[in-house]
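To keep things clear, I will list the structure first and then write my remarks on it.
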Amino acid sequence: MPQPKSQIQPLATPPSKSAGDYQTLVRENYRRLSQALPGFIPRREQNYLVAEIGKVLLGRYDRARRILVAEAGTGIGKSLAYLQAGIPWARMNQKKLVISTATLALQEQLVDKDLPLFLPHCQPAFRFVLAKGRARYCCTRRLEALAQGEAQIGMFEPAQALSPNQQQQLAELWHAFMAGNWQGDRDSWPQPIDNALWQQLQAERHSCQPALGHQRCPFHLARAELEQADVIVVNHALLLADLSMGGGIVLPEPEQCLYILDEAHHIAPVAREQGSARLALRQSRRQLEQFNKWQGGLNELLGAEGQSALGRLQQSLGQLIPALNGVYRQLFAALQRRDLEPDSQGCLRFSPGDLPAGLDELLGVLKEDAQGFCRALGPLHSQLSEQLKLKPSQAATIEAALATLSQQQLHGEQLRDGAELLLRATGPKQTPPARWLELAQQSKQDKQELWLCATPLAVGHLLEQWCWSRAAAVVMVSATLTALNDFGYFRRAVGLRADDGSHYLRLNSPFDYQSARLIIPPLGCEPTDPDFDDLLVEQIPLWLMEQGASLVLFSSYRQMNQAAEALRAKGHSLLVQGEASRQALLQLHKMKCDGKQPSVLFGTGSFAEGLDLPGHYLTNLIITKLPFAVPTSPVEEAMAEWISLCGGNPFMQLAMPEASRKLIQACGRLLRTETDTGRIVLLDKRLLSRRYGPALLDALPPFTRELG
């Protein structure tokens, strides 16, 4: 079975660090690259981006804060630009280049195409590797246990029964691993691995500890490879998870890194998700009760010397379980009395600074008791690690106990951090977190599960603390970083200021936008009108006539499915998002286009970003509605409410900038190469009838406009 090519090879010592040497290297690398590529065409914007990244890295704008925010339009070739500028600087300064992306597609492009393309022409030479989350690797202990038919893979973690197909695949994985033909990486197995099977095999933080000493652990072997790499490709979630723990846990410490954050407009939402908490009150209590019944079994493993530590653990459990129960009982009683009234979706948001009476005191107790529980687990983990060395004959039992303790440690930390976020006090100029309650019925016989949830709204100060103030340098790039022709919306979201030394750059796409038409036809009503759904059913067929490759973007699944049903009743053939996988739909679409057949794709917001249909695969783009987000989630509602309380305008400060960015992204689906052409049809007359319309129009690329 073929294995992925390793880029980890011995390298020569990096050259000297002078600015002149750096600039010479960049020019020489560019010369070699341009001469080696057949039909190479210089791109002025790409060269300018290389130069500006270099100036920031050399400290020409601010020696104390080397941060660049660059909006680089489609077609500039930004990935090759930041590789040309970033790799020589990182190698010369003994730093790691960490490239973070939001999508798997861009990661694959970097690892499979861009980095191998640049590697033969770059001096100094470099090694690159793709860093993935722990869950992409199997746990060898679990793999062995399942393959040998063990019914338990943890102290109270029974393995689920496997189907015959799963058993067959498990056997293939085990034999390949033992033969050295598979390294335990899910993505390197040639066929898809069954999801239910992989959930029982994947490495997890609580069961993947260096103390277990597995010499062939795929996860730890992959992490060791990172130590030898010069360029590390990651996703935003893994990067921010590492930074949130202080950095240097999985990836190198920020002070040792030049970060390239591609698709940087996703950074703030991912950071917000990283800082979120969800406490399942009844489930958490049951897990602790189950652990409480089991932990007495540690007596035999620890012996007399472990009794005092066990006593502290029992005492902490005796406090934490009632604390959790107290929070649940108060909330459940308030719901029964209808003091708390969730909406139809079972969600109840708490206004800023307004928790139900008495809940803050109970959460304070929960936070302290969870912290005490975490402290009590530490000595037991250390003592078991010692026993693992002293009693190798009991290794399997001790390893399972260590995994269980680590799982409980994670559980305790989640309870502690969640309670802290729910209680977080904010000053007069600080943004409070969004906090809400969710109800979920477990079963007819069971009581309702109650989830206490919290999400930080403002994450800029976290990003400043985690990364901006610590990193050797940061370059943030994307095709859409401005909103309404200004960086202010992005700057506020990620915690930058106009006067903090960060440098900003905006480069337009080299594409001929005037060769494409932007059409806003005369329409009888706006999207807020009850007749708008009927209008779409009338208008869309008109704009599909005599068109080869069309993409129709909707604002909601409801509207898309309703329109699809009506148009199919009229005889239209459609490829609709959700009726097959994204990959399958795109393959069918391309097959029809290659066969000179008309093809129509229907999609929602996720098709408005990252969809690459160059040339004849898309010439007709229909956008049914401006992408204004309706504040229906607790996070969106909380942000809008807070802006209003501060005297601001949520529509102008949130809805408008976000709609502008999303509209630019949607329009960006049409032109993907320098020779592409076609038209965009916008079926939303508010661009012409509302005062904010001109601002949204002027932020778009300079298409040839045909306004009804």
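Computed from a predicted model, the values in this text were never measured in an experiment. Numbers for residues simply follow the sequence, beginning at 1.
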Checklist entry - Given the rule in the side chain to side chain contact (heavy atoms under 4.5 Å, CB included) test, do L496 and V69 qualify, once you have shown the distances and angles that lead to the verdict? => result CA-CA 10 Å; L496 299 178; V69 177; 3.7 Å; yes
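- The closest side-chain donor-acceptor pair between N485 and T482, if any, does not fall under 3.5 angstrom.
- Minimum interatomic distance between D114 and S79 (heavy atoms only, all atoms of both residues): OD2-OG, 2.9 Å.
- Salt-bridge check for R127 with D230: passed, with a basic side-chain N closer than 4.0 Å to an acidic carboxylate O.
- Rounding to the nearest 0.5 Å gives a distance of 12.0 Å between CG of L484 and CZ of R661.
- With rounding to the nearest 0.5 Å, the separation of CD1 in I680 from CG in L670 is 5.0 Å.
- In this structure, a donor-acceptor pair under 3.5 Å is present between the side chains of E609 and H266.
- In terms of the ring-ring contact (aromatic ring centres under 6.0 Å, His included) criterion, Y489 has no residue partners (sequence neighbours excluded).
- The cationic atom of R686 (NZ for Lys, CZ for Arg) does not lie both less than 6.0 Å from the six-membered ring centre of F628 and within 45° of the ring axis.
- Counting only N and O atoms by type, the side chains of R44 and N47 include no donor and acceptor under 3.5 Å apart.
- Separating the CE atom in M656 from the CG atom in L663 is a distance of 10.5 Å, to the nearest 0.5 Å.
- Counting only N and O atoms by type, the side chains of D262 and T101 include no donor and acceptor under 3.5 Å apart.
- In summary, R65 and E464 engage in a salt bridge, as defined by a charged side-chain N under 4.0 Å from a carboxylate O.
- Remark: E420 pairs with R424 by the salt bridge (charged side-chain N to carboxylate O under 4.0 Å, His left out) rule, at least two apart or across chains.
- A donor atom on one side chain and an acceptor atom on the other are not found under 3.5 Å apart for H265 and E71.
- Side-chain N/O atoms of S633 and E636 include a donor and acceptor closer than 3.5 Å.
- Counting heavy atoms of neighbouring residues, nucleotides and ligands inside a 6.0 Å radius, atom CD of E658 exceeds 12 of them.
- Within a 6.0 Å sphere centred on CD of E706, heavy atoms belonging to other residues, nucleotides or ligands number more than 12.
- With sequence neighbours excluded, the residues that form a ring-ring contact (aromatic ring centres under 6.0 Å, His included) with H503 are Y61.
- Inspection of the Q665 and T480 side chains reveals an N or O donor paired with an N or O acceptor under 3.5 Å.
- Atom CZ of R186 is separated from atom OH of Y137 by 13.5 Å, given to the nearest 0.5 angstrom.
- Counting non-hydrogen atoms of neighbouring residues, nucleotides and ligands closer than 6.0 angstrom, the CD atom of Q35 exceeds 12 such neighbours.
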